[in-house]
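What follows is a single structure, written as C-alpha cells, with notes after it.
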Amino acid sequence: IKGLPFSFEYLTSAAYQSLPVNYHNINGSNVFVTTQAPARFQVNSTSALTLYGSTDTDNWASGTIEFSFSGVLEIV
C-alpha cells in the first residue's frame, strides 16, 4: 500500500510495525488467513506497507482486490 497522506515511523523508535490481516480477496479469490497461514502488513519504509504471508508473491491481475486489517501504527 503506497500513496497515503502521511509517513510511517519505523526502525529506531518503532522497529518494524505490523498489522495482522484478517482476510483478503485478490484476483477474485478469497484468502482466509489462519494460524497456519498468517498474513500481515509491515512497515518497511516511511511511505509504504508491505504484505507478508502465503500470498505475498501473488500479483493482482484483474477483478477485485480487498483487504481486511486493523490496528494502530505510529506516524510521523
Side-chain angles (χ1 to χ4, degrees):
I1 299 175
K2 295 180 184 179
L4 298 172
F6 47 81
S7 297
F8 299 107
E9 184 69 37
Y10 79 110
L11 291 182
T12 305
S13 64
Y16 287 104
Q17 302 183 89
S18 63
L19 300 172
V21 174
N22 300 312
Y23 75 90
H24 59 281
N25 181 307
I26 187 167
N27 296 324
S29 297
N30 286 325
V31 178
F32 295 97
V33 180
T34 66
T35 55
Q36 292 78 25
R40 71 184 187 281
F41 279 107
Q42 181 172 302
V43 175
N44 289 336
S45 73
T46 60
S47 61
L49 293 172
T50 303
L51 178 64
Y52 286 90
S54 60
T55 59
D56 62 2
T57 58
D58 290 353
N59 292 313
W60 177 52
S62 64
T64 59
I65 186 166
E66 178 181 8
F67 297 96
S68 170
F69 59 97
S70 64
V72 177
L73 296 174
E74 184 178 351
I75 60 174
V76 178

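Since this is a predicted model, take the numbers as computed values, not measurements. Heavy atoms only: backbone and side chains are in, while hydrogens, waters and symmetry mates are out.
For the atom pair CD1 (I1) and OG (S47), the distance works out to 12.5 Å, reported to the nearest 0.5 Å. A distance of 9.0 Å separates CG of N44 from CG of L49, quoted to the nearest 0.5 Å. Remark: L51 CG to Q42 CD distance equals 10.5 Å, nearest 0.5 Å.
With sequence neighbours excluded, the residues forming a side chain to side chain contact (heavy atoms under 4.5 Å, CB included) with T46 are S7, Y10, listed by chain and number. Listed by chain and residue number, N25 satisfy the side-chain hydrogen bond (donor to acceptor under 3.5 Å, both in side chains) test with T64 (two or more places apart in sequence, or in another chain). Applying the side chain to side chain contact (heavy atoms under 4.5 Å, CB included) criterion to V72, with sequence neighbours excluded, gives no partner residue. Checked against ring-ring contact (aromatic ring centres under 6.0 Å, His included), F41 has the following partners two or more places apart in sequence or in another chain: F67, F69.
Sorted by first then second residue, the ring-ring contact (aromatic ring centres under 6.0 Å, His included) pairs that include residues 42-61, not counting sequence neighbours, number zero.
The shortest heavy-atom contact between G71 and L19 is CA-CD2, 3.4 Å. Nearest approach of Q17 to E9, heavy atoms of both residues: NE2-O, 2.5 Å.
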